[in-house]
Amino acid sequence: MQNINSYIDEHKKRFIDELIDLLKIPSISADSAYKQDVLNTADAVKESLLKAGCEQVEICETEGYPIIYGEKIIDKKLPTVLVYGHYDVQPPDPLDLWNSPPFEPVIQKTDLHPEGTIFARGACDDKGQMYMHVKALEYMTANNELPCNVKFMIEGEEEVGSANLGKFVAANREKLTNDVILISDTGMIAKDVPSITTGLRGLSYVEVEVTGPNRDLHSGLYGGAVANPINVLTKMIASLHDENNHITIPGFYDKVENLSDEERAEMAKAPFSLENYKKALDIDAVYGEEGYTTNERNSIRPTLDVNGIWGGYIGEGAKTVIASKAYAKISMRLVPNQDWEEITQLFKTHFERIAPDAVKVKVTPHHGGQGYVTPIDSIGYQAASKAYEQTFGKTPIPQRSGGSIPIVSLFEKELKSKTILMGFGLDSDAIHSPNEHFGVWNYLKGIETIPWFYKYFTELKSAE
Ligand code: BES
Ligand code: MN
Ligand code: MN
C-alpha cells in the first residue's frame with residue numbers, strides 16, 4: 001500500500017475530471033422527466049466499474065431504476081467486501097439559490113477547502129463518495145493490492161426510498177454473500193476529526209390531507225361558520241409537540257432505546273461548538289426536546305417535522321378564500337427499536353382521532369425504514385478505525401448520525417452482515433440543499449483511506 005499516495009498524486013486530475021463527468025448527468029430519481037439521465041448514469045457507473053477492474057458488471061433491471069452489480073472475485077476462500085452506494089441525486093431546487101448551475105460542476109476554493117471543493121448536486125451525496133470506492137478499486141487492481149474479493153451494488157433509487165432494493169437483495173442473497181458491507185454516504189465530524197458513523201435514524205414519511213367544504217369558499221360569506229382546513233391542519237400539527245417539544249402521539253416513545261448516562265457522557269466527549277453550529281446556520285438559539293443536548297437531539301432522539309405544507313391561495317396579491325383542502329408532508333426520524341410501520345400506524349390513528357368532526361382527514365404513508373446501530377468491537381469497525389489511523393494519524397470517533405439510509409437495517413436482516421459507514425462528507429457540504437459541494441481533499445482522502453480498510457479487514461478476518 002506504500003504507493004497509494006503517489007498513485008493519487010499522479011492521477012488526481014483524472015480522478016476529479018471523471019467525477020465531474022458523472023456529476024454532469026442530472027440523475028434525479030424523484031422527477032420522471034430525468035428518466036433517461038438516470039439510466040445514462042447507470043451506464044456510466046457500469047463502465048467505470050469495468051474500467052476500475054471489476055470482472056463482471058451487470059445492469060440489473062428492477063421495477064424502478066436499475067441496480068448496478070459488479071464484482072471481482074480473486075479467491076473464494078478470501079473475505080468479501082460488499083460496497084453499496086447510490087447514483088441518484090436529490091432534485092436541485094430552488095435553482096435560483098445556486099451560485100452555479102447544479103449540473104455544471106465547478107471547483108472553487110473556500111476557507112474550509114483551500115484545496116478546492118466541487119460544487120454540484122450529488123457531489124457529496126452520493127456520487128463523489130460512491131466514486132471514491134471505484135477509484136480505490138482502480139488503485140488496488142492496478143497495483144496488485146486488492147487483498148480480498150469485492151462486490152459493488154450501486155442503486156438509483158436511494159433518494160426516493162429504495163423501494164426496489166429490498167426485493168433485489170432478498171432475491172439475490174447468494175450472489176450478495178459478503179463478510180462486511182462498506183458504505184460512504186455519511187459524514188465525519190471535521191477534516192481533522194475523523195469519525196465513523198455507528199448509527200442511523202429510521203424514518204416514517206407520511207402525507208396528510210385535510211378536507212373541509214366541498215369547494216373553495218368566499219372567506220367573508222362563509223368565514224367563521226365552517227372549518228378552514230388550513231387553520232385546522234396547522235392547529236393539529238402544532239398539537240403534535242408539547243411545550244417541552246416532546247411528541248404527543250400516544251405510544252410514540254414506548255420503544256425508544258434510552259442511553260445510559262455513561263453512553264451519553266461518552267457522546268458528549270465528541271468535539272462540538274454550539275457557537276459555531278449557530279453561526280453556520282445564522283440562528284440565535286437552538287431549539288428542541290427539553291433535557292437533551294443538540295447532538296443528542298439530532299441523533300439518539302426521535303423527531304417529527306413538517307417538510308412541506310400547502311393549500312389555499314399563494315399567488316400574487318390577495319384572494320379572499322377558504323380552501324377546500326390543505327396538505328402537509330411529515331417525516332418522523334426514528335431511533336433503534338422503534339418500528340417504522342408501527343409508528344406510521346400510531347401517527348395515522350392519532351391524527352385521525354384529533355381531527356375535528358368538521359373536516360375529513362386522510363393519512364397516506366410514503367416510505368420508511370428502520371434505524372441502525374453498529375457495535376464498535378466488530379472486525380469491520382476495527383479495520384475502519386485502523387485505516388483512519390493510518391491516513392489521518394488519529395483514532396476516529398464513533399458517532400451516531402441523524403440521517404437515514406433505510407436499507408442498512410435490511411442488509412443486516414437479509415445478508416446477516418454488519419455495515420461499516422465510512423463517510424467523508426462534512427455537515428457544511430450542504431447535501432440536499434442549494435450549492436452542495438464536496439471537498440477535493442475529502443474526496444482524495446477517501447480514496448486514500450479505503451484501500452487500508454481492505455487490507456486491515458482481510459488481515460483481521462483471516463486471523464479470526
Ligand atoms: N446520504 C444520505 C443520508 C445521510 C447523510 C446519513 C448524512 C447520514 C449522514 C441519504 O442519501 C439520504 O438523504 N437519506 C434520506 C432518506 C431517504 C429514504 C430519502 C434522508 O436521510 O432523508
Ligand atoms: Mn446518500
Ligand atoms: Mn441523500
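Computed from heavy atoms alone, side chains included, the values below leave out hydrogens, waters and symmetry copies. Indexing begins at 1, ligand by ligand and atom by atom, following the structure's order.
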Practice item. Taking salt bridge (charged side-chain N to carboxylate O under 4.0 Å, His left out) as the test, write out the residues that go with Asp254, two or more places apart. Key: none
Protein heavy atom at shortest distance from [atom]:
| atom | answer |
| --- | --- |
| atom 6 (C) of ligand 1 | Gly403 CA, 3.7 Å |
| atom 3 (C) of ligand 1 | Ser404 O, 3.4 Å |
| atom 4 (C) of ligand 1 | Asp185 O, 3.5 Å |
| atom 17 (C) of ligand 1 | Glu158 O, 3.7 Å |

Short list, please: which atoms of ligand 1 are under 4.0 Å from a heavy atom of [X]?
| X | value |
| --- | --- |
| Pro406 | 18 (C) |
| Ile431 | 5 (C), 7 (C) |
| Arg333 | 20 (C), 21 (O), 22 (O) |
| Thr186 | 6 (C), 7 (C), 8 (C), 9 (C) |

May I have the list of side-chain donor-acceptor pairs in residues 42-54 shorter than 3.5 Å, sequence neighbours left out?
unit_1, atom_1, unit_2, atom_2, d
Ser48, OG, Val45, O, 2.7

So, [X] versus [Y]: side-chain donor-acceptor pair below 3.5 Å or not?
| X | Y | value |
| --- | --- | --- |
| Thr186 | Ser401 | no |
| Tyr87 | Glu158 | no |
| Tyr456 | Gln390 | yes |
| Gln370 | Tyr372 | no |

Review point. Would Phe272 and Tyr277 count as a close aromatic pair, with their ring centres under 6.0 Å?
Key: yes
Check the angle between the aromatic planes of [X] and [Y] and answer parallel, tilted or perpendicular using the 30° and 60° thresholds.
| X | Y | result |
| --- | --- | --- |
| His11 | Phe15 | parallel |
| Phe347 | Phe351 | parallel |
| Phe392 | Phe424 | parallel |

Check your understanding: Does any N or O atom in Ser401 lie less than 3.5 angstrom from one in ligand 1, N or O only?
Key -> no
Practice item. Please say whether Asp125 places an N or O atom under 3.5 Å from an N or O atom belonging to ligand 1. Key: yes
**Study point:** Donor-acceptor contact present, side-chain Gln338 to main-chain Val335, <3.5 Å
**Key:** yes
**Study point:** Selection from His86, Glu159, Gln399, Arg400 by shortest heavy-atom distance to atom 19 (C) of ligand 1
**Key:** Glu159
Check your understanding: What are the protein N, O or S atoms, given as residue plus atom name, that sit under 2.8 Å from the Mn ion (ligand 2)?
Key -> His86 NE2, Asp125 OD1, Asp185 OD1, Asp185 OD2
Review point. Arg201: heavy atom below 4.0 Å from ligand 1, yes or no?
Key: no
Revision key, fill the gap. Contacts satisfying side chain to side chain donor-acceptor pair (under 3.5 Å) that involve residues 417-439 (not counting sequence neighbours) are Arg121-Glu436, Asp125-His432, Glu159-His432, Asn178-Ser417, Glu412-Lys418
